[in-house]
Amino acid sequence: MSDESQENPKESSKAPAKFLKPYQPQDVEGVIYQKWEESGFFNPDNLPPASAGERTEPFSIVLPPPNVTGTLHVGHAYEDTLQDIVTRYKRMQGYKALWIPGTDSAAIATQARVEKNLQKDEGKTRHDLGREEMVKRVHEFAKNSEDTILGQVRKMGASLDWSRYAYTLDDKRNRAVFTAFKNMYDAGLIYQGNRIVNWDPKGQTTISDDEIAHEERTAQMVTFKYSKDFPIAIATTRLETKVGDTAVAVHPDDERYAEFVGREYDATFCGVPLHIKIVADKAVDPTFGTGALGVTPAHSMADWEIADRHDLPRPQVINEYAKMDVEGALNGKKVLEAREMILEWLKAEDLLVSSEDVTQNVATSERTGGIIEPLPKLQWFVAVNKPFTIPHSEIPGIESGSETTLKTLMRTAVESGAVDMPQDGFRATYFHWIENLRDWCISRQIWFGHRIPVWYKGEEIYCGITAPEGDGWEQDPDVLDTWFSSALWTFSTLGWPEKTQDLETYHPTSFMSPAYEILPLWVSRMILMSTFHLGQVPFKKVLIHGLVRAKDGRKFSKSLNNGVDPLEMIEKYGADALRMGLIVGGAIGSDVTFDEGRIKAYKLFANKIWNITRFVFENTDDYQGGTVTETKHQENIAQLREVTADITREMEQYHLHLAAEKLYDYTWKTFADKIIEESKADLVNADPAVRASAQAMLIEILQTTLKILHPFMPFVTEEIWSSFPNKGLLMVENWPS
RNA sequence: GCGCGGUUAGCUCAGUUGGUAGAGCGUCCCCUUGACGUGGGGAAGGUCACAGGUUCGAGCCCUGUAUCGCGCACCA
């Protein structure tokens with residue numbers, strides 16, 4: 001700051017004409033962004049030295065890649081703002097600040113979107129087009145939507161290094177994905193297995209646990225016996241699955257049924273022959289229902305595990321189209337029809353014991369709304385509990401060359417503090433999720449995405465980064481779960497698997513700020529991939545943010561049609577106002593309610609800064625130099641120094657909302673309402689030294705204020721800064737201390 | 001069921017290590033004083049969900065209750 005007061009004496013300026021009108025963000029934002037881009041300073045390789053000398057310390061963030069399914073929404077705007085504030089702050093502090101942009105192909109979401117359009121516009125399905133044509137269409141759609149969304153990110157003022165732009169399906173990221181797959185396959189951590197998966201009959205694909213939404217429905221809970229001579233009644237809401245039963249399980253300590261354990265019975269159930277064994281298993285809750293569980297291994301996760309323990313057969317009785325696949329009259333019926341038929345049959349045979357309505361949560365696909373049918377299928381999995389030897393580890397508590405599991409890595413990365421997750425609540429959620437984690441099903445039966453890098457020829461199987469030599473090889477038709485590639489994002493964007501300078505310099509990344517809803521989906525999987533492939537955490541600090549909600553507290557969603565278009569807000573109030581309005585909306589981590597009034601308030605604030613500047617220019621046009629000599633002026637500067645230190649403290653703790661509020665408060669209540677008001681008398685003082693002192697003070701306070709406001713309101717501050725003679729870009733000025 | 005979070009002014013939300021409650025918007029009154037009316041000055045408005053506890057002192061810490069919301073797992 002002291003060097004500033006020595007700089008000032010050389011400066012004198014008239015108020016440029018633009019200050020005579022109110023601030024018009026629309027006129028300047030595009031121009032300013034272009035100036036920034038042309039400067040090359042978004043790329044840390046081009047940054048000028050800082051006050052402390054050459055920039056040596058890296059600071060890196062990767063942008064959580066928006067899906068190429070549509071346009072920017074206000075949640076993106078919030079997230080972009082958080083990251084841009086941090087990036088700009090660190091850049092001004094002298095770091096090699098890098099923020100990498102990218103987009104995500106979002107396999108299922110994007111394909112579903114295109115399929116929907118296809119159905120609507122042409123009345124066709126993807127099968128009508130064929131795989132090749134369909135994938136082409138999806139790529140076209142993605143390209144279009146990518147252009148749109150990147151244009152929108154720029155409008156937010158995001159200081160992203162576009163020269164390092166990455167797309168999850170580009171060549172480099174493809175290579176990273178295949179390499180990651182192969183490495184994990186070779187380590188025995190990716191395997192193929194027949195397991196119960198969440199099958200979406202509507203989307204004709206498997207989906208992960210995280211893509212399931214539970215919907216509350218009323219269902220009929222039916223208690224019945226398989227046959228007249230069967231000794232135990234069981235209950236179910238899914239009668240149609242009962243033709244796939246191979247056992248009845250009771251609790252080992254349940255005396256009511258103890259005598260039956262081990263016996264086997266034959267029955268013909270609604271035309272289907274059943275062979276039922278009575279087994280004892282701890283998983284059964286003796287207090288629920290009749291205390292006996294009909295075991296349907298092929299259509300229930302829990303039952304599959306019971307079947308494992310008792311070596312039971314696992315007949316599949318429902319197919320991929322949610323239709324019955326059994327002997328007799330039920331064959332080919334939809335599950336709901338079959339349920340009715342069986343109920344009628346039970347009544348007719350007098351096997352129905354009782355029936356009641358219950359409320360239960362039905363698993364549906366988040367994407368298609370289809371009711372999930374648990375089915376056994378041959379799928380690819382990542383083994384999270386399987387021990388393996390990690391060749392290299394920088395994670396505290398995990399030695400290089402030691403035996404560990406992916407789950408242990410995920411837990412240790414956060415437990416050890418290598419990933420700093422300061423929000424206790426979210427850390428608890430994270431650990432809770434890890435504890436319940438099962439093997440991750442990574443194959444998807446869709447066409448758009450990373451094709452699984454495995455080829456088959458008869459009994460032979462080959463896993464590699466490119467197709468194997470020779471004829472007759474056929475590639476696995478499935479594609480990978482989109483989160484598989486997203487999970488590599490912190491290092492695939494930096495050039496991995498090549499040993500690039502970027503990877504060396506910028507990984508682990510410094511900071512990540514995702515929404516809490518993708519903590520399990522994405523954050524934990526980035527930790528999984530990064531610790532496995534690099535032995536490093538993906539980021540040193542993760543600060544989870546909340547959702548932006550509509551004023552009534554509901555989520556913004558397309559179906560509710562309550563969305564707010566950030567571009568409309570920018571058009572109306574300016575990007576700076578939108579940024580401030582979102583940041584001050586609430587503490588990071590809690591949900592933010594969207595409030596247009598708040599954004600409007602910050603448009604007024606931008607104008608206030610504009611007019612402060614006008615006042616300073618108008619009153620310093622004859623400024624010939626001189627320093628801040630008056631005691632009260634010096635006190636004002638000292639006070640600003642304290643405010644700056646306070647704001648810096650808040651920034652260091654990532655209390656961005658507090659820093660923003662304090663900036664607003666200082667600029668308006670102290671600088672404008674007190675300092676400027678009090679300076680008016682001094683500016684007309686007969687003693688030219690007093691006037692000069694006031695002038696020096698005003699210039700210094702204005703310039704410092706612009707600097708500390710810049711990360712929050714980059715456009716208006718940069719525009720004002722450009723009106724001072726002999727100044728470079730504000731974005732690379734040094735953060736005052 | 002397990003886990004997490006919220007409950008503070010009419011509305012939307014802050015509140016840093018416990019020290020007499022804050023902002024924006026809204027409401028009311030005043031001001032055509034040369035930076036800005038997209039402004040300035042002032043005012044009203046809160047038993048900080050409830051009940052206990054710890055403390056000299058609690059919006060903040062502890063226990064419990066209510067209520068709203070979220071996540072995970074689901075019971076057949």
Side-chain angles (χ1 to χ4, degrees), chain A residues 15 19-24 209-210 212 214 221-223 234-239 241-242 245 248-250 283-285 287-296 299-303 306 358 360-363 423-438 516-517 519-521 546-547 549 551 553-555 573 577 580-581 584-587 589-619 646 649-650 653 655 657-662 664-665 668-669 672-673 676-677 679-680 684 698:
Chain A
F19 289 108
L20 298 177
K21 291 186 301 187
Y23 175 56
Q24 297 292 348
D209 293 348
D210 315 285
I212 289 181
H214 292 281
M221 170 93 77
V222 176
T223 306
I234 58 165
T236 185
T237 54
R238 296 210 54 197
L239 272 176
T241 64
K242 297 292 101 181
D245 282 12
V248 165
V250 298
V284 179
D285 175 0
T287 65
F288 186 86
T290 61
L293 163 67
V295 181
T296 321
H299 299 286
S300 151
M301 309 257 180
D303 294 6
I306 293 175
V358 293
Q360 67 169 23
N361 288 323
V362 176
Q423 296 146 301
D424 290 341
F426 291 124
R427 204 168 54 230
T429 303
Y430 176 81
F431 288 129
H432 186 243
W433 184 81
I434 300 260
E435 287 320 310
N436 294 319
L437 186 63
R438 289 191 298 241
Y516 56 69
E517 54 183 356
L519 179 62
L521 232 43
L547 266 35
R549 292 180 177 281
K551 204 154 186 175
R554 291 195 293 184
K555 266 177 141 173
Y573 305 111
M580 283 295 271
V584 181
S590 56
D591 288 350
V592 174
T593 306
F594 184 82
D595 181 1
E596 190 167 337
R598 206 165 47 225
I599 294 169
K600 192 177 166 193
Y602 287 103
K603 177 185 162 67
L604 305 188
F605 181 51
N607 193 54
K608 188 72 181 179
I609 303 168
W610 194 251
N611 282 303
I612 288 171
T613 307
R614 174 176 164 185
F615 176 86
V616 173
F617 273 121
E618 282 178 352
N619 289 284
D646 189 28
R649 265 195 303 279
E650 300 292 12
Q653 295 172 75
H655 294 158
H657 64 297
L658 294 180
E661 250 180 45
K662 287 177 179 181
Y664 177 91
D665 189 63
W668 202 310
K669 298 293 155 61
D673 291 350
I676 285 187
E677 287 307 320
S679 77
K680 284 177 181 173
V684 295
L698 288 173

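The chains referred to below are lettered A, B, ... by the order of the sequence lines, with proteins before strands, and numbering in each begins at 1.
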Paired with [N]: which nucleotide, if any, by Watson-Crick or G-U wobble criteria at under 3.5 Å for both distances?
N      : answer
B:rU38 : none
B:rC4  : B:rG69
B:rU32 : none
B:rG64 : B:rC50
B:rG57 : none
B:rC11 : B:rG24

Counting heavy atoms from C-beta on, name the nucleotide in [options] closest to the side chain of [X].
X        : options                : result
A:Glu661 : B:rA76, B:rA14, B:rG24 : B:rA14
A:Arg549 : B:rC70, B:rA35, B:rG24 : B:rC70
A:Asn607 : B:rA35, B:rA76, B:rU38 : B:rU38
A:His655 : B:rC70, B:rA76, B:rU16 : B:rU16
A:Asp595 : B:rA35, B:rU12, B:rA14 : B:rU12
A:Glu618 : B:rA14, B:rA23, B:rA35 : B:rA35

Hey, could you give me the OH/NZ distance between A:Tyr664 and A:Lys608, rounded to the nearest 0.5 Å?
9.5 Å

Look up atom CG in A:Asp673 and atom CG in A:Asp665, then write down how far apart they are to the nearest 0.5 Å.
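Separation between the atoms: 10.0 Å.
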
Is the phosphate of [N], meaning OP1 or OP2, less than 4.0 Å from a side-chain N or O of [X]?
X        : N      : result
A:Ser590 : B:rA14 : yes
A:Lys669 : B:rG41 : no
A:Trp668 : B:rC36 : no
A:Lys603 : B:rG24 : no

For atom [atom1], what is the distance between [N] and [M], given to the nearest Å?
N      : M      : atom1 : result
B:rA51 : B:rU7  : C1'   : 16 Å
B:rC31 : B:rA21 : P     : 33 Å
B:rG6  : B:rA43 : C1'   : 32 Å
B:rU8  : B:rA76 : C1'   : 46 Å
B:rG53 : B:rC72 : P     : 40 Å
B:rG39 : B:rG34 : C1'   : 13 Å
B:rU54 : B:rG26 : C1'   : 40 Å
B:rA58 : B:rG40 : C1'   : 38 Å

Closest non-hydrogen atom pair, [X] against [Y]:
X        : Y        : value
A:Gly294 : A:Asp303 : O-OD2, 3.4 Å
A:Glu650 : A:Ala659 : CB-CB, 4.0 Å
A:Asp591 : A:Gly546 : OD1-CA, 3.5 Å

To the nearest Å, how far apart are [X] [atom1] and [N] [atom2]?
X        : N      : atom1 : atom2 : answer
A:Ile676 : B:rG34 : CD1   : P     : 16 Å
A:Ile609 : B:rC36 : CD1   : C1'   : 12 Å
A:Asn611 : B:rG40 : CG    : C1'   : 13 Å
A:Arg598 : B:rC25 : CZ    : C1'   : 10 Å
A:Leu437 : B:rA73 : CG    : C1'   : 13 Å
A:His432 : B:rC72 : NE2   : P     : 11 Å
A:His657 : B:rA14 : NE2   : C1'   : 6 Å
A:Leu293 : B:rA76 : CG    : P     : 10 Å

For [X], answer base if it contacts any base atom (sugar-phosphate contacts may also be present), sugar-phosphate if it contacts only those atoms, and nothing otherwise; contact means non-hydrogen atoms under 4.0 Å.
X        : result
A:Tyr664 : sugar-phosphate
A:Asp673 : sugar-phosphate
A:Glu517 : nothing
A:Thr237 : sugar-phosphate
A:Arg427 : nothing
A:Ile234 : nothing
A:Ala606 : nothing
A:Leu519 : nothing
A:Thr296 : nothing
A:Lys680 : base

Within 6.0 Å of NZ in A:Lys600, more than 12 heavy atoms from elsewhere
no

Just one of A:Phe605, A:Phe19, A:Phe617, A:Phe615 clears the ring pair (Phe, Tyr, Trp, His ring centres under 6.0 Å) bar with A:Trp610, so which one?
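Option passing the ring pair (Phe, Tyr, Trp, His ring centres under 6.0 Å) with A:Trp610: A:Phe19.
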
At less than 3.5 Å, do the side-chain atoms of A:Glu677 and the base atoms of B:rA35 form a donor-acceptor pair?
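When only heavy-atom distances are counted, A:Glu677 does reach the base of B:rA35 through a donor-acceptor pair under 3.5 Å.
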
Report the residue (A:Val592 or A:Phe426) whose heavy-atom-nearest nucleotide on RNA chain B is the more 5′ of the two.
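Residue closer to the 5' terminus by nearest nucleotide: A:Phe426.
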
Specify the residue among A:Val584 and A:Thr290 whose closest nucleotide of RNA chain B lies further upstream toward the 5′ end.
A:Val584

Donor-acceptor check, side chain of A:Thr296 to backbone of A:His299, threshold 3.5 angstrom: yes or no?
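Side chain of A:Thr296 to backbone of A:His299: no pair is present.
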
Where does the angle between the aromatic ring planes of A:Phe426 and A:Tyr516 fall among parallel (under 30°), tilted (30 to 60°) and perpendicular (over 60°)?
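Plane angle under 30°, so parallel.
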
